[in-house]
Each structure stands twice: as structure tokens, then as C-alpha cells.
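It should be emphasised that the depicted structure is a prediction, and the values quoted were computed from it without experimental measurement.
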Amino acid sequence: MSVVEIKNLSFVYSKKTPYETRALDDVSLTIEEGEFVGIVGATGSGKSTLIQHLNGLIRIQDKKRSSITINGMSLSDKKYLKKVRFDVGMVFQYPEYQLFEDTVAKDIAFGPKNMKLSKEEVDERVKRAMEVVGLDYATFAERSPFDLSGGEKRRAAIAGVIAMQPQVLILDEPVAGLDPVGREEILTLVQKLRREVSKTVLMVSHNMDDIARLATRIIVLKDGRVVADGTPKEVFISGKIEETGLELPLAARIAKNLKARGFDIGDAITPDELVAGVRRAMEAKHV
Amino acid sequence: MDGRGVLCYNPLMPIIEVKNVSYSYPLRDGVRLKAIKNLSLSIEEGEYVALVGMNGSGKSTLAKLLNGLFEPASGDILIDGINTKDEKQIFEIRKRVGMVFQNPDNQTVATIIEDDVAFGPENIGVAREEIVERVDEALRLVNMSEYRARTASKLSGGQKQRVAIAGVLAMRPKIIIFDESTSMLDPIGRKEVMQVAKTLNESGITVINITHNMEETAEATRVIALRHGRLALDGTPKEVFASSILEDCGLKLPPARQIATELKAFGLDAEDVIDEKGLEEGICRLLK
């Protein structure tokens, strides 16, 4: 059984008004446990609409035609809605804007409390979540979330989601607005979360370098449709990315330009692959 | 290449002078957060500056001090010779220093694009014929003339930011500050906005780009890094990337330079590489 199963999902905003916009157009896909899916597409391609469907924040418009199941639970069925929201954790863009409690620990406890867990279990989850995101409990638990630094706030916000121990973690541009060192910390954290908390991760990002390095699979959206779906290598080498108005990762752009100039170093989509390709070409030159 | 002062029209007076400026925000119960500490720097007309540093280092505070949204607690800021503390001159400051913010959806006031661009000059009482002229010119400079009669809500992120830039241009500013204006855009939108910034700089406008993106940083002629409200680094991209305190400022080398560093063992001159083009040329030289 697939963790996520989407069938014929369409969605129209402002239906029957002059502003009617088709955000999703007959999207079908399945996601298996353990995948790290990068979701890419230009602004307005339907990425946010798609992910907001996955935990029921946007309800399915045409229940006759479209369906979404999470671990076999149909989202058309209201009785599963709450359960699905605990199983699918959503980290929104700039999640620190959603911090609201007067202490970090209370803020992180909000989700687990809603799950009606015992007080001990809630406390345990808060401690564990803070430990995973690297916020020392003794130092941060009783502090106001609003006194934290930018990177700390974001980690606190992520802790609030993973305290629910979701099976599927969805992150919408998790490093937007962070300084380069903070970015790297959060991306390292995302990999750690995949190992330790949520096996299946979906990440929306405009940064193709990050996607090339982290994702096991890429889904490309354009005008509400899936136009490419495969491993990073398949998708980036297929030429589909340029057609959607996005750009290739840096390593792939350079490899492509080198090839055009008569230096074939093979396919490369990550810095490591580019370096390896150059090494091979250098060695071949000396043979 | 050090681009500082190359386009300077009046070598006697920098367009921006920051002299021993401090500024703090009230937190609670009389506690204040010192955001800018005794900062001094000057920027010449026509420079293209990347203003960088970790979250909370004081970049946006400095931007707001530069166009008079905040007043220094101590020290002075002169814009084109005018002190930002002089309340009677505040509109002169605002006219000279335009700002483009982060979120493309928060910067439009009118439904129709040309009305939105006209908002600034209308507010300062510019004559109708001149407003039309300014709006035409501004939309042309950002390459959005054909959209003038359309509604802003239907545009892409990059297009919305270009309209926001046009709104700033209609005020005929001498300085434009981009405060993380590309951080919410897709790669194409980012390129569009950076291209416009470059064109405007070439026409003589002083550009300050506040950014976390190290590729954008490499495009500037001068990089100023703040750390804890103080000046930490100031130099050409090449000089700043060579600094040992780069990571202490929350910064990393641009991706192309990181790859170049990996290729150093093969004889690539990594210190010369600041961007993608440089890396490609460096690899070509290796493989020839």
C-alpha cells in the first residue's frame, strides 16, 4: 500500500467567477514510504494547492472523480480527517510566523495536546522534538519563542510539527529567508528528520541544487499538471525542467555548457558528480 | 575588479554617509535590543552593494535607517548631503531612497498596474502630464509596459516585483534598496529582478541588495557584511569570499566557488572563481 495515493485530482479557485483559475488539472500519483520527493514548479504551478490537499486543508472539489488516500484512509471521508492531520505533518513557508504561545515548550506541545495524549506523553514528545531539532530543553523550553533568533524560531516551529510524529512530513520552502549557514542547518535537519521521525518527506523548493542533492524523486508541476516525474537524474537530464521555465541545478548547467564546448564530462547534477566528471576527464586526458 | 567610485559623479560627497550610527529596538520592560552599533560607512553614487549577514545582523534595520523610516539613536546619516534626522526634509530622503520589499503580494496598492505605479508621484503632487511620463518610463525600464492596463493579481511573482520596482522608479530615486526582494521568487523571477537591478545600476542608480543568496552577492561590485550590528567585512566579492570570518557572518561561499575549491587539487585557481561563468572557464582551462 502506498502512503499517498492521489487520483484524478483537479481544483479550481474562484469557480464560476471571472477570476476562475484552474490550479490542479487531473493530477494522479502515488508516493511510497521512504521516498524523499522534491516538488518543483514555477510560481502558480499548483504546488501549494497540491500539498494543502494532502492533509485536508483544501477539501477535494469533485469527490466523484478525484480521490486522495493517506495510508488507505480516504480524505473524502470526514471521519479520517483528524487522523490524517496527525499523520501528515505540514511545515508551512516561514513557519515561525505561526509561533503563538508564550513559551517554546507550550508552543511545541500544542499539536500533541490536540492528539489527546496524556500529559506525560506530551511532555516526552516536546522534549524529544526539541532534542531532534537541536534546541536544548533546559535553555529554551521556558523562553518566549519571540526572543529566539531567526534560525532558532524556525527550528522551534518545525519541532511543533514533528512532536506529532507524523509519518509523512511536508515542507514548503523550508529554508526561504534564512542566511546561508542557517539554510544548511535546516537542510541537514530535514535529512535527520527523515531518518529519525518521518520516513516519507515531500519538500517544495525553488532551489534545484538542494533538490538535486537531497531528493530521491522529483515531481515537476506546470499549470496544474505533472509534466515530469522521476529520479533527479532522469528529470534533470530529460530537458523537461527548462521547458517548464525553471532552471537546472548549477552542476548540470555547467556540465551541459562544457559539453557544448567540446568537453564531455558526462551527466552531472550535483557538485560531487561534477567534480568526479572533471576528474575522469583529466585522467583520460593523461592516458 | 574594484568598482568603487568608478561611477562617482561627485567625489567630494558620497551619496550615503553613515557616521557612528547606533539604533536599538524596545523589547520589553525597558530592555532594548541593540540592532546597529556605532556603524560608519559610506557609499558612492553608482555603486552596486550587496548587504549581507546572518538573520538579525542589522541589515534591514540599516535599510530602514537609510530612508528615514527609523531615526538613529546616536550618530548621523546623510543621504545626498541631507540628514535623515531633519524632519522637514523627510520627503526629500524618501524620494531619493526607494525600497523594494520581500513579499510581492504586499506592495501593491491599486488594482490596475499603471495606477499602482502612479501612486508614489501622485502622493507628492507631481503634475498629471509628468506622472504619465514617469509611469511610462518606469514600466519600460522594468519591461512591463504591455501589462500597464492589467490587474496586478494575475501576475507572476517576478512580474509583481518588477511592478513594485516600477512604483519605486516613478519617484525617480537615486538609490534603490532591495530588501530580500528575490527570496520568495522562483528561479526565473529571481533572474528577472536581478537583471532589472543590474540595468538600473548601469543607468547610474545606486543599488543596495540585501540578500542571503551568495550568487547574487557575487554580482555586486562591493560586499558589506554586518555582524551583530557592526561592520564585519567590506570589499569586493573576491576579497570578502577570501575572508576567514565568512561563516562567522552566517555566510557561505557561492556554490560555484565551493565547487572550484574542490577542484583546486587539479590545478584550478579557485580564488579567481566567484560565479558560474568563472567556474566554467576554469574547468575549460583544465581540460584543454
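Side-chain atoms of B/Leu185 and A/His206, non-hydrogen and from C-beta on, never get closer than 4.5 Å to each other. For the pair B/Lys288 and A/Lys285, the minimum side-chain heavy-atom distance is 4.5 Å or more. For the pair A/Leu246 and B/Ile188, the minimum side-chain heavy-atom distance is 4.5 Å or more.
Top candidate by heavy-atom pairs under 4.5 Å with chain A, chosen from B/Glu215, B/Met54, B/Met214, is B/Met54. Most heavy-atom pairs under 4.5 Å with chain B: of the set A/Asp209, A/Val278, A/Val40, this distinction falls to A/Val278. Contact tally against chain A (heavy-atom pairs below 4.5 Å) for B/Ile259, B/Leu279, B/Leu268: the top residue is B/Ile259. Heavy-atom pairs under 4.5 Å with chain A peak, among B/Pro187, B/Ser183, B/Gly158, at B/Pro187.
With a threshold of 4.5 angstrom between heavy atoms, A/Leu178 approaches chain B through its backbone and through its side chain. Neither the backbone nor the side chain of A/Arg183 comes within contact range of chain B; no heavy atom of the residue lies under 4.5 Å from a heavy atom of that chain. Neither the backbone nor the side chain of A/Glu173 comes within contact range of chain B; no heavy atoms are under 4.5 Å apart. The part of B/Gln102 that comes within reach of chain A is its side chain, from C-beta onward, which places non-hydrogen atoms under 4.5 angstrom from that chain. The contact between B/Glu276 and chain A is made by backbone and side chain atoms together, counting heavy-atom distances below 4.5 Å. Only the side chain of A/Tyr94 comes within contact range of chain B, judged by heavy atoms closer than 4.5 Å. Looking at A/Asp147, only its side chain comes within 4.5 Å of chain B, counting heavy atoms on both sides. For B/Leu263, the part lying near chain A is the side chain, with the backbone staying farther off; criterion is any non-hydrogen pair under 4.5 Å. For B/Ala265, no part sits under 4.5 Å from any heavy atom of chain A, backbone or side chain.
Taking the charged nitrogens against the carboxylate oxygens, B/Glu280 and A/Arg253 have no contact shorter than 4.0 Å, which rules out a salt bridge. The pair B/Glu281-A/Arg261 meets the salt-bridge criterion, since a charged nitrogen lies less than 4.0 angstrom from a carboxylate oxygen. A salt bridge is absent between A/Glu184 and B/Lys252: the closest approach of a Lys/Arg side-chain nitrogen to an acidic carboxylate oxygen does not fall below 4.0 angstrom.
Within residues 265-273 of chain A, the residues having any heavy atom closer than 4.5 Å to a heavy atom of chain B are A/Ile265, A/Pro271, listed by residue number.
Across every non-hydrogen atom of A/Leu258 and B/Cys284, the tightest pair is CD2-SG, 3.6 Å. The two residues A/Pro180 and B/Gly250 make their nearest non-hydrogen contact at CD-O, 3.1 Å. The two residues B/Ala256 and A/Leu250 make their nearest non-hydrogen contact at N-CD2, 3.5 Å.
Distance check, rounded to the nearest 0.5 Å: CG of A/Asp264 to CG of B/Leu287 gives 10.5 Å. Rounding to the nearest 0.5 Å gives a distance of 10.5 Å between CG of A/Asn257 and CD1 of B/Ile283.
Under a cut-off of 6.0 angstrom, the local environment of NZ in A/Lys192 is crowded, with over 12 non-hydrogen atoms contributed by other residues, nucleotides or ligands. Heavy-atom neighbours of B/Lys37 NZ from other residues, nucleotides or ligands within 6.0 Å: above the threshold of 12. Other residues, nucleotides and ligands contribute over 12 non-hydrogen atoms within 6.0 Å of the NZ atom of A/Lys233.
Checked by atom type and distance alone, the side chain of B/Asn55 pairs as donor or acceptor with a backbone atom of A/Asp179 at under 3.5 Å.
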